Amino acid sequence: MHQVPDDFFARAPELVAPELLGARLLVDGCGGDIVETEAYALGDEASHSFRGQTKSNAAMFGPPGTAYVYRSYGLHWCLNIVCELGSAVLIRALHPIDGLDVMAARRRISDPRLFCRGPGNLCQALNVTIALNGLLVTQPPFLISLAAAHPEIAAGSRIGITKGRDRKWRFVIPGSPYLSRPLRPPTPIGSSSVKG
DNA sequence: CCGAAGATCTGCT
DNA sequence: GCAGATCTTCGGC
């Protein structure tokens, strides 16, 4: 584990996203190791930045390393880390390690595999809300340490989007029990399943 | 000015 | 596998 270099996030999100796998993400000392990320680029029709800067997505146009937190479906919060201008990496799941009892209480469940399974659950477990929007993830209450060694990485289609499904910008540690969904093998032509 | 859509999650069938 | 919960911005009329 080591410090994040100053220019780490000042790159294309599809390069940063796989490198965040295995990194430890803590918020006020609570969190664990990232096992699933997705990249959203500027000019990417699936990205919130696609139609330009607005009030709600302004953090996406902030400096690299900025936290972009948005509300999803009126209920959940989701955490992104801004990369080069107008792009970001969505943190989708992590392996809970520190503050397990706190996360259990926030999530009101006891199975650690479910604490941070999916972007909404992750934010509930780490107490990430709009209050953290616009803050730098290289500063408190955030703490990010990159993995000492690169873990095994696999890529697939992003989840829950209707546009931009062609890009294989979902990155996971294959076989991890903490993924929001398992990574499925490439879908044969003509299959009923579309999601990867 | 109004309403459709949305980077989700849970519980029930 | 699917519908419902729930809210806010922004795009279109």
Side-chain angles (χ1 to χ4, degrees), chain A residues 9 12-18 20-21 25 34-62 64 66-94 96 103-134 137 154-173 176-184 187 191-196:
Chain A
F9 294 110
E14 67 270 28
L15 299 179
V16 175
L20 280 174
L21 296 178
L25 168 65
I34 298 170
V35 298
E36 178 177 349
T37 59
E38 283 179 359
Y40 289 88
L42 185 66
D44 168 6
E45 57 185 350
S47 173
H48 289 172
S49 62
F50 182 63
R51 297 174 193 280
Q53 184 171 345
T54 66
K55 182 182 180 180
S56 59
N57 70 8
M60 271 194 90
F61 294 86
T66 297
Y68 165 50
V69 181
Y70 70 93
R71 202 194 271 286
S72 175
Y73 291 87
L75 301 174
H76 316 285
W77 299 107
C78 295
L79 171 65
N80 296 257
I81 302 176
V82 175
C83 298
E84 63 184 14
L85 186 68
S87 72
V89 173
L90 173 67
I91 311 299
R92 288 194 54 92
L94 57 77
M103 289 190 271
R106 288 172 179 158
R107 294 277 291 115
R108 297 168 175 265
I109 55 177
S110 58
D111 185 349
R113 288 174 299 182
L114 306 179
F115 287 174
C116 304
R117 175 192 244 184
N121 289 335
L122 185 156
C123 284
Q124 184 179 21
L126 302 201
N127 197 30
V128 172
T129 70
I130 194 67
L132 300 184
N133 187 47
V137 299
S157 297
R158 293 174 292 183
I159 291 177
I161 58 174
T162 56
K163 294 159 277 189
R165 283 182 175 172
D166 49 314
R167 290 186 167 100
K168 299 291 188 294
W169 281 359
R170 176 187 180 223
F171 301 95
V172 304
I173 296 180
S176 168
Y178 302 99
L179 301 180
S180 66
R181 295 185 48 174
L183 189 72
R184 294 191 186 156
T187 308
S191 166
S192 60
S193 177
V194 179
K195 295 190 174 183

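Since the model is a prediction, treat every value here as computed from it, not as a measurement.
Close to B:dT8, at under 4.0 Å from its OP1 or OP2, lies no side-chain N or O of A:Ser180. Contact check, A:His48 against B:dA7: a side-chain N or O comes under 4.0 Å of OP1 or OP2. Distances shorter than 4.0 Å separate none of the side-chain N or O atoms of A:Arg71 from OP1 or OP2 on C:dT6. Checking the phosphate oxygens (OP1, OP2) of B:dG6, no side-chain nitrogen or oxygen of A:Ser72 falls inside 4.0 Å. An OP1 or OP2 oxygen of B:dA7 is reached within less than 4.0 angstrom by no side-chain nitrogen or oxygen of A:Ser47.
Nucleotide B:dC9 holds its C1' atom 4 Å from the NE2 atom of A:His76, rounded to whole Å. In this structure, A:Tyr70 atom OH and C:dT9 atom P are separated by 16 Å, rounded to whole Å. Spacing between atom CD1 of A:Ile130 and atom P of C:dT9 amounts to 10 Å, rounded to whole angstrom units. Atom CZ in A:Arg106 sits about 17 Å away from atom P in B:dC9, given to the nearest Å. Going from atom CZ of A:Arg158 over to atom C1' of B:dG6 covers 15 Å, rounded to whole Å. Taking atom CE on A:Met60 and atom P on C:dC10, their separation rounds to 14 Å, with Å as the unit. Here C:dC10 presents its P atom at 16 Å from CZ of A:Phe50, a figure rounded to the nearest Å. Rounded to an integer number of Å, the gap from A:Tyr68 OH to C:dT9 C1' is 10 Å.
Between A:Gln124 and A:Arg107, the side chains place a donor N or O and an acceptor N or O closer than 3.5 Å (distance only, hydrogens not considered).
When distances run from any side-chain atom of A:Leu75 to the nucleotides C:dA5, C:dT9, B:dA7, the shortest one goes to C:dA5. For A:Ile161, taking side-chain heavy atoms from C-beta onward, the closest of the listed nucleotides B:dG6, C:dT9, B:dA7 is B:dA7. Between B:dG6, B:dT8, C:dG11, one nucleotide has an atom nearer to the side chain of A:Arg51 than all others, and that is C:dG11.
Remark: B:dA7 base-pairs with no nucleotide in the shown strands. Criterion, Watson-Crick or G-U wobble with two distances under 3.5 Å.
Between atom CG of residue A:Asn57 and atom CZ of residue A:Arg51 there is a gap of 11.5 Å, rounded to the nearest 0.5 Å.
Sequence order on DNA chain B of the closest nucleotides to A:Gln124 and A:Ser49 puts A:Ser49 first from the 5' end.
The same atom, P, is picked in B:dA4 and in C:dG4; the two are 16 Å apart, to the nearest Å. If you take atom P in C:dA3 and the same atom in B:dA5, they sit 16 Å apart, rounded to whole Å.
Between the A:Glu38 side chain and the A:Ile159 main chain, a donor and an acceptor come within less than 3.5 Å of each other. In terms of modelled atom types and a separation under 3.5 Å, the side chain of A:Gln53 and the main chain of A:Phe61 share no donor-acceptor contact.
Electrostatic pairing of A:Arg158 and A:Asp44 counts as a salt bridge here, judged by a charged N lying under 4.0 Å from a carboxylate O.
Among the protein residues, A:Arg107 comes within range of the sugar-phosphate backbone only, with heavy atoms under 4.0 Å from sugar or phosphate atoms but none that close to a base. Residue A:Asn121 is in sugar-phosphate contact alone, with no base atom involved, counting any heavy-atom pair closer than 4.0 Å across all strands shown.
Counting heavy atoms from C-beta outward, A:Tyr68 and A:Asn133 have side chains that approach closer than 4.5 Å.
Centre separation under 5.5 Å together with a plane angle under 30° does not hold for the ring of A:Tyr73 and the six-membered base ring of C:dA5, so they are not marked as stacked.
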